[in-house]
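We name chains A, B, ... by the order of the sequence lines, and we start the count at 1 in each one.
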Number of protein chains: 2
Amino acid sequence: MFWGAAKVTVDKTSTGKGGVATAVGRGGAVHIADVAAHAGVSIATVSRALTNPDRVNPATRARVLEVVRALGYMPNVSARSLRAARTRTVLVMLPSFLTPFFTVLLKGVDDALSELGYGLLMGSVHEHDQAVRLVDMTAAGQADGVLLLDGRIPRGSARSLAELHVPIVGVSVPLPGDAPVVLVRERQAAAAAAAHLLALGHRRFGYITGPAGNHVDAERWAGYAATLAEAGIAPAAIHRFPGDFRVETGRAAGRRYLALPDRPSAIFAASDMMAIGFLKEVRGAGLAVPGDVSLVGYDGIEFADYCEPVLTTIRQPREAMGRAAATLLVRLIEGQPIAPEERRPELAAELRIGGSSGPAPAS
Amino acid sequence: MFWGAAKVTVDKTSTGKGGVATAVGRGGAVHIADVAAHAGVSIATVSRALTNPDRVNPATRARVLEVVRALGYMPNVSARSLRAARTRTVLVMLPSFLTPFFTVLLKGVDDALSELGYGLLMGSVHEHDQAVRLVDMTAAGQADGVLLLDGRIPRGSARSLAELHVPIVGVSVPLPGDAPVVLVRERQAAAAAAAHLLALGHRRFGYITGPAGNHVDAERWAGYAATLAEAGIAPAAIHRFPGDFRVETGRAAGRRYLALPDRPSAIFAASDMMAIGFLKEVRGAGLAVPGDVSLVGYDGIEFADYCEPVLTTIRQPREAMGRAAATLLVRLIEGQPIAPEERRPELAAELRIGGSSGPAPAS
DNA sequence: CTGAAAGCGCTTACAG
DNA sequence: CTGAAAGCGCTTACAG
């Protein structure tokens with residue numbers, strides 16, 4: 001699924017027993033020279049038949065491919081990469097802990113990459129030295145490009161990355177220069193959440209934030225606050241609960257909420273995980289959702305559907321985001337032209353109304 | 001995080017601007033010859049200073065490493081792998097869709113591998129040709145060994161894998177021969193679930209199964225049924241709902257359950273995801289959990305804690321499982337001796353009582 | 001402890 | 001359309 005050349009050499013055909021088992025059995029030690037000898041051609045021709053089929057006489061090509069199949073030959077990846085100076089592999093930078101959000105994004109990336117004949121190397125972003133390592137790995141010839149899925153990458157590092165001419169594409173993270181970035185219309189989506197809550201009659205609002213400096217958090221807040229402002233609610237009147245997208249900070253927000261003298265009746269959380277944490281705490285304290293407080297999350301993870309009540313949320317097109325980013329990166333790597341207007345695709349996220357949001361309490 | 005040699009050459013040191021930026025800036029084109037020239041030694045010495053530090057004079061080594069740092073040299077991975085005939089990379093086979101269960105397992109794998117200086121290549125197992133591809137990839141020199149995390153691999157393929165001498169370690173999946181496998185005491189855990197339900201007074205039981213032929217499903221069923229049998233409940237009297245670990249099949253089980261004339265009062269699901277799906281359906285139909293039906297899941301995913309009510313479940317030591325498997329595989333790859341009694345470690349899984357299980361209804 | 005040299009398995013101009 | 005040959009960037013016996 002992630003090794004492009006596999007399409008050429010294996011698949012259903014080499015599943016059989018016969019010569020294959022023998023060949024692979026002795027340690028996968030079938031080399032291009034073996035194929036050449038069996039097919040009665042030079043190794044150059046074998047190589048071409050595999051990587052540039054149309055530069056080889058059809059009959060010769062057929063013979064070579066038949067021998068490849070019979071012997072179960074698989075080109076050595078290191079040798080190929082070394083010589084060709086490209087790995088057909090992409091380094092995907094993720095947070096060290098794979099959340100349900102990234103899991104699905106990654107599936108989109110994996111599927112697209114696989115179709116394009118590229119492999120996937122995963123890199124977890126731990127505390128620091130992130131960007132440095134990215135550059136190092138690509139510079140060391142381990143990958144042809146980088147997919148930045150983790151918005152937590154510090155801006156400075158992203159800048160140096162771009163300057164270092166490593167093909168890079170971001171998802172929901174602004175990159176300097178003209179590096180392609182797949183975006184989501186965060187403001188629009190957050191505005192829809194605000195409009196939904198306003199329509200239910202709410203007038204006292206809260207917001208559970210993402211981590212400081214995070215791009216999507218800023219956008220979500222901007223869309224939410226702007227729409228509320230249009231309805232006469234000043235941003236300063238919106239109670240902000242600090243969070244970092246994780247469930248624990250949602251719980252902390254819930255506890256802070258419970259301690260408030262004058263509680264908002266509507267809460268918008270910048271992630272579903274935080275909404276779920278908040279829900280747990282306030283329901284645990286005996287509050288009714290949405291009877292006492294309405295709640296809207298963000299992301300649209302599967303689990304939102306299994307909350308009690310079902311979480312109203314903004315569904316991000318995670319798989320499409322991953323696919324779009326992977327496709328752009330491969331085009332970038334392969335030097336295909338990317339028009340300016342294609343560099344910042346903005347995908348739509350949609351409000352999905354569940355049971356966690358309802359009419360404002362009479363109060 | 002997944003590239004061993006990074007420890008030698010980079011980390012905090014090369015973060016600076018100076019020469020590094022310049023060197024990396026021109027495309028990472030710093031080669032071992034550049035380092036050798038700057039340090040006034042041969043490339044052989046540079047190579048040794050990096051891979052076999054103690055075979056180099058300390059003063060020479062220090063000088064070389066200083067130049068490496070200053071130039072930001074990173075050995076080319078393909079060249080190194082090609083020459084050394086090893087990649088220091090492990091291929092991890094996973095289901096194509098990363099569930100919360102595998103996500104955490106993978107984190108354990110990643111952490112351990114990283115500490116051991118190994119990289120991680122992810123392979124999703126799609127429908128077929130799975131094992132073939134595994135062998136192909138390792139045979140093609142892309143990885144030094146395989147970690148089998150997906151119990152769905154057909155036995156036959158696993159057998160051929162083992163016969164092909166590819167270093168392989170499984171998690172919760174029996175492998176032929178003496179290939180190491182990290183196991184969990186499934187029977188014991190399932191027995192604990194049964195004992196818990198019996199203690200609550202239940203006498204009518206159900207079981208939501210895993211996919212047909214799955215090893216852990218068989219073990220869980222065996223432990224559950226055996227314990228119930230000791231209490232006088234014949235296995236044939238346990239209602240089996242077919243499932244495959246995924247949430248959808250849990251929902252289907254819920255619908256079947258609701259249609260039953262004589263409903264069991266206690267259900268044990270072979271996965272949390274199925275328990276969550278079941279919960280959703282039966283609560284949606286107005287049943288009370290545990291008032292009408294008690295529910296016990298399996299896995300201990302985080303989300304079990306956010307269900308309403310909190311799911312009683314069997315918590316598997318996912319991270320430890322991943323770490324153990326990764327460690328065994330590296331030992332196998334590096335030819336270190338592994339005593340027979342170390343080849344099948346059995347980790348404990350523990351019952352975690354939540355709110356989804358309660359006293360049997362009076363009826 | 002260090003260096004010169006072979007060679008890992010391929011791909012790719014360069015001829016023909 | 002095909003082949004001979006160079007060479008990708010390293011590591012590793014082999015000498016010294």
Under 3.5 Å for both distances, Watson-Crick or G-U wobble, that's the pair rule; now give the dot-bracket for DNA chain C, with | marking pairs to another strand and [ ] for crossing ones.
|||.||||||||.|||

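Heavy-atom distances to DNA chain C give each of B:Val56 and A:Arg48 a nearest nucleotide, and the one nearer the 5′ end belongs to B:Val56. Looking at which nucleotide of DNA chain D each of B:Asn52 and B:Ala79 is closest to, the 5′-most match is held by B:Ala79. Residues A:Leu82 and B:Arg55 both approach DNA chain C. Their nearest nucleotides, taken by heavy-atom distance, put B:Arg55 toward the 5′ side.
Legend: residues meeting side-chain hydrogen bond (donor to acceptor under 3.5 Å, both in side chains) with B:Arg331, ordered by chain and number and at least two apart, are B:Glu342. Taking A:Arg323 as the reference, A:Glu115 meet the salt bridge (charged side-chain N to carboxylate O under 4.0 Å, His left out) condition, with sequence neighbours excluded. Residues that satisfy the salt bridge (charged side-chain N to carboxylate O under 4.0 Å, His left out) test with A:Arg55, not counting sequence neighbours, are absent from this structure. Residues satisfying the side-chain contact (heavy atoms from CB on, under 4.5 Å) test with A:Asp178, not counting sequence neighbours, are A:Arg343. Residues satisfying the side-chain hydrogen bond (donor to acceptor under 3.5 Å, both in side chains) test with A:Arg86, not counting sequence neighbours, are A:Tyr118. For A:Thr45, the side-chain hydrogen bond (donor to acceptor under 3.5 Å, both in side chains) partners at least two apart in sequence or on another chain are A:Ser42. A search for side-chain contact (heavy atoms from CB on, under 4.5 Å) contacts involving A:Val67 returns A:Val35, A:His38, A:Ala39, A:Leu71, not counting sequence neighbours. In terms of the side-chain contact (heavy atoms from CB on, under 4.5 Å) criterion, residue partners of B:Ser47 (sequence neighbours excluded) are, by chain and number, B:Ile32, B:Thr51.
Comparing D:dG16 with D:dT12, their C1' atoms sit 16 Å apart, to the nearest whole Å. Straight-line distance between the P atoms of C:dG9 and C:dA13: roughly 23 Å, to the nearest whole Å.
Among residue pairs with one or both ends in residues 57-67 of chain A, those qualifying as salt bridge (charged side-chain N to carboxylate O under 4.0 Å, His left out) are A:Glu66-A:Arg69; sequence neighbours excluded.
Of all heavy-atom pairs between A:Ala325 and A:Val169, the closest is O-CG1, 3.8 Å.
Counting any heavy atom pair closer than 4.0 Å across all strands shown, B:Ser78 reaches no nucleic acid atom. At the heavy-atom level, B:Thr60 lies under 4.0 Å from the strands shown only through sugar-phosphate atoms.
At a non-hydrogen distance threshold of 4.0 Å, B:Val41, B:Ser42, B:Ala44, B:Thr45 from residues 40-47 of chain B come into contact with DNA chain C.
Using a 4.5 Å heavy-atom cutoff, the side chains of A:Pro167 and A:Asp144 are not in contact.
Taking the 5' to 3' direction, DNA chain C first and last meets chain A under 4.0 angstrom from a heavy atom at C:dG9 to C:dA13.
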